[in-house]
Amino acid sequence: MTRQQPNSANHLSRRQWLGSAALAGAASSLTMNSNAALAADQAKTGKSSVKGNIKQSVVFWCFNVAGDKWDIDTTARHAKALGCKSVELCEPEHWPTLKKHELTCAIAPNGMPGAPFIRGFNNPKYHDEVIAATTAVIDKCAEFGFPSVIAFTGFKFRTAEDPNSGEISAEEGADNCVKGLKKIIGHAEKKKVTICLEHLNSRDGSHPMKGHPGYQGDDVDYCAEIIRRVGSERMKLLFDIYHVQIMNGDVIRRIEQLKDVIGHVHTAGNPGRGELDDNQEINYPPIMRKLVEVGYQGYVGQEFIPTRDPLAGLTAAVKLCDV
(Lines give C-alpha, C1' and ligand atoms only; values in the text may rest on other atoms or scores of the structure.)
Protein backbone atom coordinates (compact mmCIF):
# COMPACT_ATOMS: atom_id res chain seq x y z
CA MET A 1 0.00 0.00 0.00
CA THR A 2 1.36 3.40 -0.95
CA ARG A 3 1.19 5.72 2.01
CA GLN A 4 0.90 9.47 1.93
CA GLN A 5 3.92 11.16 3.46
CA PRO A 6 3.44 13.47 6.41
CA ASN A 7 3.29 17.18 5.86
CA SER A 8 3.73 20.00 8.32
CA ALA A 9 0.08 19.87 9.33
CA ASN A 10 0.49 16.25 10.40
CA HIS A 11 3.22 17.29 12.81
CA LEU A 12 0.86 19.28 15.02
CA SER A 13 0.52 17.86 18.49
CA ARG A 14 -2.64 17.66 20.53
CA ARG A 15 -1.20 20.46 22.67
CA GLN A 16 -0.32 22.59 19.65
CA TRP A 17 -3.69 22.05 18.08
CA LEU A 18 -5.40 22.84 21.37
CA GLY A 19 -3.82 26.26 21.15
CA SER A 20 -5.12 26.84 17.58
CA ALA A 21 -7.96 27.80 16.69
CA ALA A 22 -31.84 11.74 14.77
CA LEU A 23 -29.40 8.93 15.79
CA ALA A 24 -29.60 5.50 14.09
CA GLY A 25 -30.20 2.19 15.82
CA ALA A 26 -30.65 2.28 19.60
CA ALA A 27 -30.88 6.07 19.65
CA SER A 28 -33.01 6.52 16.53
CA SER A 29 -35.90 8.00 18.50
CA LEU A 30 -33.78 10.85 19.81
CA THR A 31 -33.24 14.04 17.86
CA MET A 32 -30.24 16.23 18.45
CA ASN A 33 -32.51 18.76 20.14
CA SER A 34 -33.84 16.21 22.63
CA ASN A 35 -30.28 15.05 23.30
CA ALA A 36 -29.29 18.62 24.03
CA ALA A 37 -32.24 19.02 26.37
CA LEU A 38 -31.41 15.76 28.14
CA ALA A 39 -27.77 16.75 28.48
CA ALA A 40 -28.66 20.17 29.82
CA ASP A 41 -31.00 18.62 32.38
CA GLN A 42 -28.37 16.10 33.46
CA ALA A 43 -25.76 18.81 33.74
CA LYS A 44 -28.16 20.87 35.86
CA THR A 45 -29.27 18.05 38.17
CA GLY A 46 -25.94 16.22 38.29
CA LYS A 47 -27.80 12.93 37.78
CA SER A 48 -27.50 10.24 35.12
CA SER A 49 -29.10 6.89 34.48
CA VAL A 50 -26.29 4.95 32.82
CA LYS A 51 -26.17 1.16 33.13
CA GLY A 52 -22.45 1.28 33.83
CA ASN A 53 -21.42 -1.94 32.07
CA ILE A 54 -19.06 0.26 30.05
CA LYS A 55 -16.95 2.73 32.01
CA GLN A 56 -16.98 5.80 29.81
CA SER A 57 -14.51 8.64 29.60
CA VAL A 58 -14.40 11.98 27.78
CA VAL A 59 -11.24 12.80 25.81
CA PHE A 60 -10.47 16.39 26.73
CA TRP A 61 -8.67 17.62 23.63
CA CYS A 62 -11.60 16.83 21.30
CA PHE A 63 -14.05 19.05 23.16
CA ASN A 64 -11.46 21.73 23.87
CA VAL A 65 -10.65 22.35 20.19
CA ALA A 66 -14.10 22.27 18.59
CA GLY A 67 -17.68 23.23 19.32
CA ASP A 68 -17.89 25.40 22.41
CA LYS A 69 -14.23 24.68 23.25
CA TRP A 70 -14.85 23.54 26.79
CA ASP A 71 -12.27 24.20 29.47
CA ILE A 72 -11.36 21.42 31.88
CA ASP A 73 -13.94 22.37 34.50
CA THR A 74 -16.77 22.45 31.95
CA THR A 75 -15.65 19.13 30.49
CA ALA A 76 -15.53 17.56 33.94
CA ARG A 77 -18.98 18.83 34.87
CA HIS A 78 -20.54 17.46 31.70
CA ALA A 79 -18.70 14.16 32.02
CA LYS A 80 -19.92 13.60 35.56
CA ALA A 81 -23.50 14.64 34.76
CA LEU A 82 -23.57 12.08 31.93
CA GLY A 83 -22.31 9.31 34.20
CA CYS A 84 -18.79 9.17 32.78
CA LYS A 85 -16.03 8.25 35.21
CA SER A 86 -13.12 10.06 33.61
CA VAL A 87 -11.77 12.93 31.57
CA GLU A 88 -8.61 11.75 29.83
CA LEU A 89 -5.57 12.86 27.87
CA CYS A 90 -5.40 16.09 29.81
CA GLU A 91 -2.18 17.44 31.29
CA PRO A 92 -1.30 16.84 34.97
CA GLU A 93 -1.93 20.53 35.68
CA HIS A 94 -5.64 19.74 35.20
CA TRP A 95 -5.75 16.70 37.45
CA PRO A 96 -6.69 18.55 40.67
CA THR A 97 -9.81 19.73 38.85
CA LEU A 98 -10.69 16.13 38.01
CA LYS A 99 -10.21 15.17 41.65
CA LYS A 100 -12.52 18.02 42.66
CA HIS A 101 -15.21 16.47 40.47
CA GLU A 102 -14.43 12.95 41.75
CA LEU A 103 -13.22 11.85 38.31
CA THR A 104 -10.14 9.97 37.18
CA CYS A 105 -7.87 10.49 34.17
CA ALA A 106 -8.29 7.07 32.55
CA ILE A 107 -5.21 7.50 30.39
CA ALA A 108 -2.58 10.22 30.67
CA PRO A 109 -0.56 11.86 27.87
CA ASN A 110 3.05 10.73 27.64
CA GLY A 111 4.60 14.12 28.34
CA MET A 112 6.49 14.37 25.04
CA PRO A 113 6.84 17.83 23.51
CA GLY A 114 5.41 18.47 20.07
CA ALA A 115 3.37 15.76 18.38
CA PRO A 116 3.61 12.91 20.90
CA PHE A 117 3.10 10.13 18.34
CA ILE A 118 6.02 11.05 16.06
CA ARG A 119 9.07 10.25 18.21
CA GLY A 120 8.43 6.89 19.80
CA PHE A 121 9.82 3.61 21.03
CA ASN A 122 10.62 2.28 17.54
CA ASN A 123 13.69 4.52 17.26
CA PRO A 124 16.61 4.20 19.74
CA LYS A 125 17.54 7.79 18.89
CA TYR A 126 14.56 8.89 21.00
CA HIS A 127 14.58 6.27 23.74
CA ASP A 128 16.18 8.43 26.41
CA GLU A 129 13.74 11.30 25.82
CA VAL A 130 10.63 9.13 25.57
CA ILE A 131 11.54 7.02 28.61
CA ALA A 132 12.31 10.07 30.74
CA ALA A 133 9.03 11.79 29.78
CA THR A 134 6.94 8.65 30.27
CA THR A 135 8.60 7.87 33.60
CA ALA A 136 7.72 11.32 34.90
CA VAL A 137 4.06 10.82 33.92
CA ILE A 138 4.00 7.33 35.46
CA ASP A 139 5.15 8.86 38.74
CA LYS A 140 2.46 11.54 38.50
CA CYS A 141 -0.22 8.93 37.75
CA ALA A 142 0.86 6.95 40.80
CA GLU A 143 0.67 10.11 42.92
CA PHE A 144 -2.93 10.81 41.81
CA GLY A 145 -4.03 7.18 41.67
CA PHE A 146 -4.66 7.28 37.91
CA PRO A 147 -4.40 3.99 36.00
CA SER A 148 -2.49 4.38 32.73
CA VAL A 149 -0.30 6.38 30.37
CA ILE A 150 -0.26 6.38 26.57
CA ALA A 151 2.67 5.22 24.41
CA PHE A 152 3.40 5.22 20.67
CA THR A 153 5.62 3.31 18.25
CA GLY A 154 6.55 6.57 16.54
CA PHE A 155 7.04 7.36 12.85
CA LYS A 156 9.03 4.93 10.73
CA PHE A 157 11.63 7.44 9.50
CA ARG A 158 15.17 7.33 10.93
CA THR A 159 14.81 11.00 11.69
CA ALA A 160 11.17 10.90 12.65
CA GLU A 161 10.11 14.21 11.09
CA ASP A 162 12.06 13.63 7.84
CA PRO A 163 10.60 11.17 5.30
CA ASN A 164 13.83 11.43 3.29
CA SER A 165 16.01 10.10 6.11
CA GLY A 166 15.39 6.44 5.30
CA GLU A 167 12.98 4.01 6.90
CA ILE A 168 13.18 1.74 9.90
CA SER A 169 11.90 -1.68 8.83
CA ALA A 170 8.82 -3.06 10.54
CA GLU A 171 10.89 -5.86 12.11
CA GLU A 172 13.57 -3.46 13.39
CA GLY A 173 10.91 -1.07 14.66
CA ALA A 174 9.20 -3.83 16.62
CA ASP A 175 12.49 -4.99 18.13
CA ASN A 176 13.32 -1.42 19.15
CA CYS A 177 9.89 -0.97 20.73
CA VAL A 178 10.29 -4.13 22.78
CA LYS A 179 13.76 -3.08 23.95
CA GLY A 180 12.64 0.42 24.86
CA LEU A 181 9.46 -0.65 26.62
CA LYS A 182 11.31 -3.30 28.61
CA LYS A 183 13.52 -0.52 29.98
CA ILE A 184 10.52 1.20 31.55
CA ILE A 185 7.99 -1.54 32.21
CA GLY A 186 9.56 -2.51 35.53
CA HIS A 187 9.00 1.01 36.82
CA ALA A 188 5.39 0.90 35.62
CA GLU A 189 4.90 -2.40 37.44
CA LYS A 190 6.36 -0.96 40.62
CA LYS A 191 4.07 2.09 40.43
CA LYS A 192 1.02 0.01 39.40
CA VAL A 193 0.48 2.09 36.25
CA THR A 194 -0.28 0.50 32.87
CA ILE A 195 1.42 1.60 29.65
CA CYS A 196 -0.99 1.46 26.68
CA LEU A 197 0.56 1.38 23.21
CA GLU A 198 -1.75 3.00 20.65
CA HIS A 199 -2.40 1.75 17.14
CA LEU A 200 -3.05 4.65 14.71
CA ASN A 201 -4.17 4.82 11.11
CA SER A 202 -1.73 5.99 8.44
CA ARG A 203 -4.30 6.30 5.63
CA ASP A 204 -6.06 9.58 6.39
CA GLY A 205 -3.84 12.56 5.64
CA SER A 206 -6.67 15.09 5.57
CA HIS A 207 -6.20 16.46 9.08
CA PRO A 208 -3.45 16.30 11.74
CA MET A 209 -5.67 14.43 14.19
CA LYS A 210 -7.70 12.22 11.82
CA GLY A 211 -4.76 10.16 10.57
CA HIS A 212 -1.00 9.89 10.84
CA PRO A 213 0.81 9.01 7.59
CA GLY A 214 4.23 7.65 8.50
CA TYR A 215 3.20 6.07 11.82
CA GLN A 216 4.82 2.64 12.10
CA GLY A 217 2.25 1.01 14.38
CA ASP A 218 -0.57 1.20 11.84
CA ASP A 219 -1.41 -2.53 12.03
CA VAL A 220 -3.23 -3.47 15.23
CA ASP A 221 -1.82 -7.01 15.14
CA TYR A 222 1.72 -5.60 14.86
CA CYS A 223 1.15 -3.52 18.00
CA ALA A 224 -0.39 -6.48 19.83
CA GLU A 225 2.66 -8.62 19.05
CA ILE A 226 4.98 -5.95 20.49
CA ILE A 227 2.89 -5.93 23.67
CA ARG A 228 2.96 -9.71 23.99
CA ARG A 229 6.73 -9.72 23.53
CA VAL A 230 7.17 -7.22 26.37
CA GLY A 231 5.26 -9.74 28.48
CA SER A 232 3.84 -7.73 31.37
CA GLU A 233 0.36 -7.25 32.77
CA ARG A 234 1.25 -3.54 32.88
CA MET A 235 1.79 -3.45 29.08
CA LYS A 236 -1.45 -3.21 27.10
CA LEU A 237 -2.99 -2.06 23.81
CA LEU A 238 -4.98 1.11 23.23
CA PHE A 239 -7.62 -0.31 20.88
CA ASP A 240 -8.96 2.70 19.00
CA ILE A 241 -12.08 1.52 17.18
CA TYR A 242 -11.87 4.38 14.68
CA HIS A 243 -8.27 3.60 13.71
CA VAL A 244 -8.85 -0.17 13.67
CA GLN A 245 -11.84 0.28 11.35
CA ILE A 246 -9.74 2.28 8.90
CA MET A 247 -6.66 0.03 8.88
CA ASN A 248 -7.91 -3.46 9.72
CA GLY A 249 -11.68 -3.65 10.02
CA ASP A 250 -13.40 -6.79 11.39
CA VAL A 251 -13.62 -4.97 14.73
CA ILE A 252 -15.71 -7.41 16.76
CA ARG A 253 -13.61 -10.43 15.80
CA ARG A 254 -10.43 -8.49 16.58
CA ILE A 255 -11.72 -7.66 20.06
CA GLU A 256 -12.12 -11.39 20.65
CA GLN A 257 -8.64 -12.13 19.31
CA LEU A 258 -6.95 -9.33 21.25
CA LYS A 259 -8.97 -9.42 24.47
CA ASP A 260 -5.91 -10.45 26.49
CA VAL A 261 -3.98 -7.29 25.58
CA ILE A 262 -6.64 -4.56 25.32
CA GLY A 263 -6.13 -2.03 28.09
CA HIS A 264 -8.01 1.01 26.83
CA VAL A 265 -10.54 1.77 24.06
CA HIS A 266 -11.34 4.88 22.01
CA THR A 267 -14.33 5.74 19.81
CA ALA A 268 -15.08 8.04 16.88
CA GLY A 269 -17.23 7.96 13.76
CA ASN A 270 -15.66 6.92 10.47
CA PRO A 271 -15.06 8.54 8.08
CA GLY A 272 -14.26 11.94 9.52
CA ARG A 273 -13.70 11.25 13.23
CA GLY A 274 -17.03 12.91 14.03
CA GLU A 275 -20.04 11.94 16.10
CA LEU A 276 -21.20 8.34 16.50
CA ASP A 277 -24.26 8.99 14.36
CA ASP A 278 -25.97 7.54 11.28
CA ASN A 279 -23.67 9.48 8.94
CA GLN A 280 -20.78 7.12 9.69
CA GLU A 281 -20.22 3.40 9.22
CA ILE A 282 -19.34 1.92 12.62
CA ASN A 283 -22.12 0.13 14.50
CA TYR A 284 -21.19 0.86 18.10
CA PRO A 285 -23.75 -1.01 20.27
CA PRO A 286 -22.67 -4.54 19.23
CA ILE A 287 -19.02 -3.53 19.60
CA MET A 288 -19.71 -2.37 23.15
CA ARG A 289 -21.63 -5.58 23.86
CA LYS A 290 -18.61 -7.55 22.66
CA LEU A 291 -16.38 -5.67 25.10
CA VAL A 292 -18.77 -6.61 27.90
CA GLU A 293 -18.87 -10.22 26.67
CA VAL A 294 -15.08 -10.63 26.77
CA GLY A 295 -14.95 -9.17 30.27
CA TYR A 296 -13.26 -5.90 29.41
CA GLN A 297 -12.89 -3.87 32.61
CA GLY A 298 -11.13 -0.77 31.29
CA TYR A 299 -12.42 2.56 30.05
CA VAL A 300 -13.96 3.60 26.73
CA GLY A 301 -12.92 7.13 25.81
CA GLN A 302 -15.20 9.23 23.57
CA GLU A 303 -12.58 10.68 21.20
CA PHE A 304 -14.64 12.17 18.40
CA ILE A 305 -14.26 15.75 17.20
CA PRO A 306 -17.69 17.45 17.51
CA THR A 307 -19.05 19.01 14.35
CA ARG A 308 -22.20 20.50 15.93
CA ASP A 309 -23.55 20.96 19.46
CA PRO A 310 -20.89 19.14 21.50
CA LEU A 311 -23.06 18.35 24.51
CA ALA A 312 -25.79 16.87 22.32
CA GLY A 313 -23.23 14.78 20.44
CA LEU A 314 -21.56 13.57 23.62
CA THR A 315 -24.90 12.76 25.24
CA ALA A 316 -25.91 10.68 22.21
CA ALA A 317 -22.55 8.86 22.14
CA VAL A 318 -22.68 8.04 25.86
CA LYS A 319 -26.22 6.72 25.49
CA LEU A 320 -25.32 4.67 22.41
CA CYS A 321 -22.35 3.02 24.15
CA ASP A 322 -24.23 2.38 27.40
CA VAL A 323 -25.19 -1.22 26.69
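Along the sequence shown, the residues carry numbers beginning at 1. The analysis underlying the following values was restricted to heavy atoms, covering all of them including side chains, and did not include hydrogens, waters or symmetry mates.
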Show your working on salt bridge (charged side-chain N to carboxylate O under 4.0 Å, His left out) between K192 and E233 and close with a plain yes or no.
-> CA-CA 10 Å; K192 296 181 171 55; E233 282 301 307; over 6 Å; no

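- By the 30° and 60° cut-offs, the orientation of the rings of W70 relative to H78 is tilted.
- A heavy-atom distance below 4.5 Å is found between the side chains of R229 and D175.
- Residues passing the side-chain contact (heavy atoms from CB on, under 4.5 Å) test with K259 are E256, V294, sequence neighbours excluded.
- Between H199 and H243, the ring planes are perpendicular. Angles over 60° get that label, and only those under 30° would be called parallel.
- A salt bridge links D73 with R77: the closest approach of a Lys/Arg side-chain nitrogen to an acidic carboxylate oxygen falls below 4.0 angstrom.
- With values rounded to the nearest 0.5 angstrom, Q297 atom CD is found 10.0 Å from N53 atom CG.
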Evaluate salt bridge (charged side-chain N to carboxylate O under 4.0 Å, His left out) for D322 paired with K319, printing each intermediate quantity in order.
-> CA-CA 5 Å; D322 185 37; K319 183 175 180 64; over 6 Å; no

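- V59 is connected to I107 through a chain of hydrophobic side-chain contacts under 4.5 Å among Ile, Leu, Val, Met, Phe, Trp and Tyr, so both are in one cluster.
- T307 and E275 are linked by a side-chain donor-acceptor pair at a separation below 3.5 angstrom, with hydrogens and angles left out of the test.
- Side-chain contact check for E303 and W61: at least one donor-acceptor pair (N or O, by modelled atom type) lies under 3.5 Å.
- The side-chain heavy atoms of I282 and I287, taken from C-beta on, include a pair separated by under 4.5 Å.
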Criterion salt bridge (charged side-chain N to carboxylate O under 4.0 Å, His left out) on K190 and D139, from CA distance to verdict | CA-CA 10 Å; K190 178 181 177 182; D139 290 343; over 6 Å; no

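- Annotation: side chain of I185 is not in contact with side chain of L181 (no heavy-atom distance under 4.5 Å).
- The line from OH of Y215 to SG of C223 is 5.5 Å long, rounded to the nearest 0.5 Å.
- Remark: E189 does not engage R234 in a salt bridge, criterion side-chain N to carboxylate O under 4.0 Å.
- K99 is not listed as a side-chain neighbour of T104, based on a closest heavy-atom distance of 4.5 Å or more.
- Relative orientation of the F121 and H127 rings is tilted, given thresholds of 30° and 60° on the angle between their planes.
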Check against side chain to side chain contact (heavy atoms under 4.5 Å, CB included), I195 and I138 | CA-CA 9 Å; I195 299 172; I138 288 172; 4.2 Å; yes

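- Salt bridge status for E167 with R158: absent, with no side-chain N to carboxylate O gap under 4.0 Å.
- Ring geometry, Y299 versus H264: the interplanar angle falls from 30° to 60°, so the pair is classed tilted.
- Counting heavy atoms from C-beta outward, P286 and K290 have side chains that stay 4.5 Å or more apart.
- Y222 and A170 make their closest contact through OH-O, 2.6 Å (heavy atoms, listed as atom of the first residue, atom of the second, distance).
- The cluster map of Ile, Leu, Val, Met, Phe, Trp and Tyr, joined by side-chain heavy atoms under 4.5 Å apart, puts I227 and V265 in the same cluster.
- S86 and S57 are linked by a side-chain donor-acceptor pair at a separation below 3.5 angstrom, with hydrogens and angles left out of the test.
- Ring pair Y296/F239: centre-to-centre distance not below 6.0 Å.
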Test log, rule ring-ring contact (aromatic ring centres under 6.0 Å, His included), inputs F152 and Y126 = CA-CA 12 Å; F152 302 97; Y126 307 117; over 10 Å; no

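- Within 6.0 Å of atom CG in D128, 12 or fewer heavy atoms from other residues, nucleotides or ligands are found, so the atom counts as exposed in its surroundings.
- Note that the NZ atom of K69 and the OG1 atom of T75 stand 13.5 Å from one another [nearest 0.5 Å].
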Could you walk me through whether L89 and H266 pass the side chain to side chain contact (heavy atoms under 4.5 Å, CB included) test, one step at a time?
-> CA-CA 11 Å; L89 292 179; H266 278 164; 4.0 Å; yes

Decide yes or no on side chain to side chain contact (heavy atoms under 4.5 Å, CB included) for R228 and L258, but give the supporting numbers first.
-> CA-CA 10 Å; R228 291 187 173 117; L258 302 176; 4.0 Å; yes

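- K156 has no carboxylate O lying under 4.0 Å from a charged side-chain N of D218, or vice versa, which leaves the two without a salt bridge.
- Cluster membership check: I226 does not share its hydrophobic cluster with I168, using side-chain heavy-atom separations under 4.5 Å among Ile, Leu, Val, Met, Phe, Trp and Tyr.
- In this view, E281 and Q245, N270 satisfy the side-chain contact (heavy atoms from CB on, under 4.5 Å) rule, not counting sequence neighbours.
- Other residues, nucleotides and ligands contribute at most 12 non-hydrogen atoms within 6.0 Å of the NZ atom of K179.
- Interatomic distance, D240 CG to T267 OG1, rounded to the nearest 0.5 Å: 8.0 Å.
- Atom SG in C105 sits 8.0 Å away from atom CD1 in I72 (nearest 0.5 Å).
- Judged purely by distance below 3.5 Å, without hydrogens or angles, the side chains of N248 and D219 pair a donor atom with an acceptor atom.
- In this structure, CZ on R254 lies 13.5 Å from CD1 on I241, to the nearest 0.5 angstrom.
- Side chain of H101 to backbone of L103: no donor-acceptor contact under 3.5 angstrom is found.
- Ion pairing between a basic and an acidic side chain is recognised when a charged N comes within 4.0 Å of a carboxylate O; R273 and D204 show no such pairing.
- With a 6.0 Å radius and a threshold of 12 heavy atoms from other residues, nucleotides or ligands, K55 has its NZ atom above the threshold.
- Using bins of under 30°, 30° to 60° and over 60° for the plane-to-plane angle, the ring pair H212/F117 lands in the tilted bin.
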V87 and K80: side chain to side chain contact (heavy atoms under 4.5 Å, CB included), yes or no, with the steps?
-> CA-CA 9 Å; V87 173; K80 187 167 184 179; over 6 Å; no

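- The closest donor-acceptor contact from the side chain of S202 to the backbone of P213 lies at 3.5 Å or more, if one exists at all.
- Looking only at distances, a side-chain donor or acceptor of Q56 sits under 3.5 Å from a matching main-chain atom of V318.
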